[in-house]
Amino acid sequence: MPKWLDNAVFYEIYPQTFLDTNADGIGDFRGIIRKLDYIKDLGFNALWINPCFLSPFGDAGYDVADYYTVAPRYGTNEDLKELFAEAHRRGIHVLLDLVPGHTSVEHKWFRESMKPEKNEFTDRYVWTDSVWEAPESLGCLRGISQRDGSCALNFFTCQPALNYGYNERTRPWQQSPEDEGPRATLAAMMDVMRFWLTMGCDGFRVDMAMSLVKNDPEGEATIALWQKVRAFLDREFPEAAIISEWGEPEKSLRGGFHMDFLLHFGPSHYNDLFRCEEPFFSDRGLGDASAFVEKYLESRKKAGKDGLICIPSGNHDMVRLAKHVEGNQKKLAFTFLLTMPGAPFVYYGDEIGMRYVEGLTSVEGGYDRTGARSPMQWDKSVNAGFSAASTEKLYIPQDPDPDRPTVEAQLTDPDSQLRQVKTLISLRRTHPALGNRSGITFVSTGAPKQALAYERGCEQEQLLVVLNPYREAVTFPYAKVLGEPLYTFGGEASQENGTVSLSAVSAGIYKIK
């Protein structure tokens, strides 16, 4: 188990739109290196960088054409190696985004697999035996080469599915995970991981980690596959971390992942908090966090003491947090995000409340996600300091509002969201009760018109976190005695006769006597 995950606080960077240093309108590795001091100053000590490998960018880099070469738009392999070194010099770990389930149609593996003559890549992808037969429940490519067969797709037409086998096999072309082709695919992906870990990478966020073995309804064969990967890492790179896009911690953590995300899809009720018509973190008071709490506790129990569950502020696949959570509610949301167990993840720009940009034409397969990928807003200069390119050359248009939030403005404002995020990360890093692996007990579940309140604790200390997103005061029973506040927003809590009272739209972190 990588020890550095015990206090990791992650910052996700979508490299296309973080900082452009060569005026081509697209962010690059030099831009990330230039802002490492900013990231460190806020308290982040780990990065997740979205896919940066060679790609035709039909899906923003999630369609990889060469796992061993970075895309020239970002720089060179040497630039990425320097980014690793500069991050490490500042005590920051770096995860790359690994896409093991599919490649681009331009990948040499796929081009070789299309050939009618059998070769080492014939079984690297999921192919049927006949061009007239499509893979069940999957889209397909067919009629694209002289090979007789249809190739399964993972999602977009540009993403043929790599072959890790089928758990339940109903057709002769469906291979077992233990057949030669699927085993070769897994070995090739471990070689990719080995290459970047040796280069200085600290691990991987794994895209669609649950999807590798097909016809695997309970995930058992996919879990077994990832257990092999974990054994390889423990043997060769014991400090490397793997974090899954799975959304079911009880499965992913059993498979050997160190952490899983709660996502905007799946059974977690994550959307109940931030991204629904009436989120819990809305002062209209129509939201409900109780189903989230119930599912979270169930997942936490199944995950065991070593599993970490991440609740991110957002990511490149979701609308921005600020679309549904407005004003001071964002500060309450960040109080929650930065005081829960598991390693926090903050999506670039969420720390300043960047907005979802409405009505944009899709860019590189973004579709409705495009508005959450707009360029970072650093200052009031041209293109908000993101790029010296002409505005029409920017990868994605920026928020056009002249009052759009910027890092520069919020750094000097003691009441800004940016300063709040920095304060909360500092509290998390200095109070062991708020640590990634410390315990949690809910004392009020955020049911309609009820506070969300939970104890965080370890051997050294016990703390109580309280959140009231509503426009009116709320109370909840609490027998223990509140001590001094470590942090408050919107007014301090009061306690009388075993009842805690919270002001409207308020939050706090308190010692427990």
Side-chain angles (χ1 to χ4, degrees), residues 9 43 273-274 279-283 285 287 289-290 292-293 296 311 313 321 325-342 344 346 351 353 413-436 438-458 460-513:
V9 182
L273 303 175
F274 313 111
F280 175 73
F281 287 104
S282 166
D283 64 3
S290 59
F292 162 80
V293 170
Y296 176 81
I311 309 169
S313 71
L321 178 74
V325 179
E326 302 172 342
N328 287 332
Q329 304 300 322
K330 293 194 291 290
K331 291 187 176 180
L332 268 67
F334 266 97
T335 304
F336 167 79
L337 289 164
L338 293 172
T339 58
M340 286 290 286
V346 175
E351 75 272 23
D413 178 1
D415 295 323
S416 70
Q417 186 174 324
L418 182 69
R419 294 284 290 273
Q420 182 219 23
V421 167
K422 181 175 180 177
T423 295
L424 287 169
I425 293 176
S426 177
L427 281 171
R428 186 181 185 93
R429 299 282 294 277
T430 55
H431 285 272
L434 297 175
N436 295 3
S438 295
I440 185 169
T441 302
F442 286 90
V443 296
S444 184
T445 63
K449 298 299 181 181
Q450 293 182 16
L452 183 62
Y454 43 92
E455 295 176 347
R456 295 294 316 280
C458 61
Q460 296 96 317
E461 62 178 352
Q462 298 286 319
L463 302 177
L464 179 70
V465 180
V466 294
L467 299 151
N468 175 23
Y470 310 125
R471 295 171 185 171
E472 63 270 5
V474 296
T475 63
F476 64 92
Y478 190 64
K480 298 178 183 178
V481 179
L482 292 189
E484 66 175 291
L486 299 177
Y487 169 83
T488 63
F489 173 78
E492 286 193 26
S494 61
Q495 185 178 32
E496 186 175 355
N497 298 326
T499 297
V500 171
S501 300
L502 304 178
S503 302
V505 190
S506 67
I509 306 170
Y510 296 86
K511 291 184 177 181
I512 301 172
K513 292 184 179 178

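Both backbone and side-chain heavy atoms feed into the values below; hydrogens, waters and symmetry mates do not. Everything numeric here is computed off the predicted structure, so don't read it as measured data.
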Expected output: side-chain Thr335 to main-chain Lys331 donor-acceptor under 3.5 Å = yes
Gap between atom NE2 of His431 and atom CG of Leu486 - 0.5 Å precision = 4.5 Å
Measure the spacing between CZ of Phe281 and OH of Tyr470 and express it to the nearest 0.5 Å.
-> 9.5 Å
List the steps, then state whether side-chain contact (heavy atoms from CB on, under 4.5 Å) holds for Phe489 with Gln420.
-> CA-CA 10 Å; Phe489 173 78; Gln420 182 219 23; 5.5 Å; no
Output for pair (Phe476 CZ, Gln495 CD), nearest 0.5 Å, gives 8.5 Å
Nearest heavy-atom pair of Gln417 and Gly353: which atoms, and what distance?
-> NE2-N, 3.8 Å
Just wondering, do Tyr296 and Pro341 contact through their side chains at under 4.5 Å, heavy atoms?
-> yes
Is a side-chain donor or acceptor of Thr423 paired with a backbone partner of Arg419 at a separation under 3.5 angstrom?
-> yes
Closest non-hydrogen atom pair, Ser503 against Gly491 = OG-CA, 4.5 Å
Please report the shortest heavy-atom distance between Ser444 and Ala451, naming the atom on each side.
-> OG-O, 2.6 Å
Of all the heavy-atom pairs spanning Val474 and Lys449, show the shortest one and how long it is.
-> CG1-O, 3.7 Å
How many angstroms lie between atom CD of Gln329 and atom CZ of Phe274, to the nearest 0.5 angstrom?
-> 12.0 Å
Going by distance alone, is a donor N or O of one side chain under 3.5 Å from an acceptor N or O of the other, for Thr339 and Tyr454?
-> yes
For Pro432 and Ser438, the nearest pair of non-hydrogen atoms, with its separation, is O-OG, 2.5 Å
Step-by-step side-chain contact (heavy atoms from CB on, under 4.5 Å) determination, Leu424 to Leu434 | CA-CA 10 Å; Leu424 287 169; Leu434 297 175; over 6 Å; no
Would you give the length of the straight line joining atom CG of Leu273 to atom CG of Leu332, rounded to the nearest 0.5 angstrom?
-> 12.0 Å
Salt bridge (charged side-chain N to carboxylate O under 4.0 Å, His left out): which pairs involve residues 490-513, sequence neighbours left out?
-> Glu484-Lys511
Sort and list the pairs that fulfil salt bridge (charged side-chain N to carboxylate O under 4.0 Å, His left out) and have at least one residue in residues 427-436, not counting sequence neighbours.
-> none
Run the side-chain contact (heavy atoms from CB on, under 4.5 Å) check on Val346 and Leu337 step by step: do they pass?
-> CA-CA 9 Å; Val346 175; Leu337 289 164; over 6 Å; no
Nearest 0.5 Å please: distance from the CG atom of Leu452 over to the CG atom of Leu502.
-> 10.5 Å
Can you check whether Glu472's main-chain N or O pairs, donor with acceptor, with Asn468's side chain at less than 3.5 Å?
-> yes
What are the two closest heavy atoms between Ala493 and Leu482, and how far apart are they?
-> CB-CD1, 4.3 Å
Parallel, tilted or perpendicular: ring planes of Phe336 versus Phe292, cut at 30 and 60 degrees | perpendicular
Are any side-chain N or O atoms of Tyr478 and backbone N or O atoms of Ala453, one a donor and one an acceptor, separated by less than 3.5 Å?
-> no
Donor-acceptor contact present, side-chain Gln462 to main-chain Cys458, <3.5 Å | yes
Please check if the side chain of Arg456 supplies one atom and the backbone of Val465 the other of a donor-acceptor pair under 3.5 Å.
-> no
Kindly indicate whether the side chain of Ser416, heavy atoms from C-beta on, has any atom under 4.5 Å from the side chain of Val421.
-> no
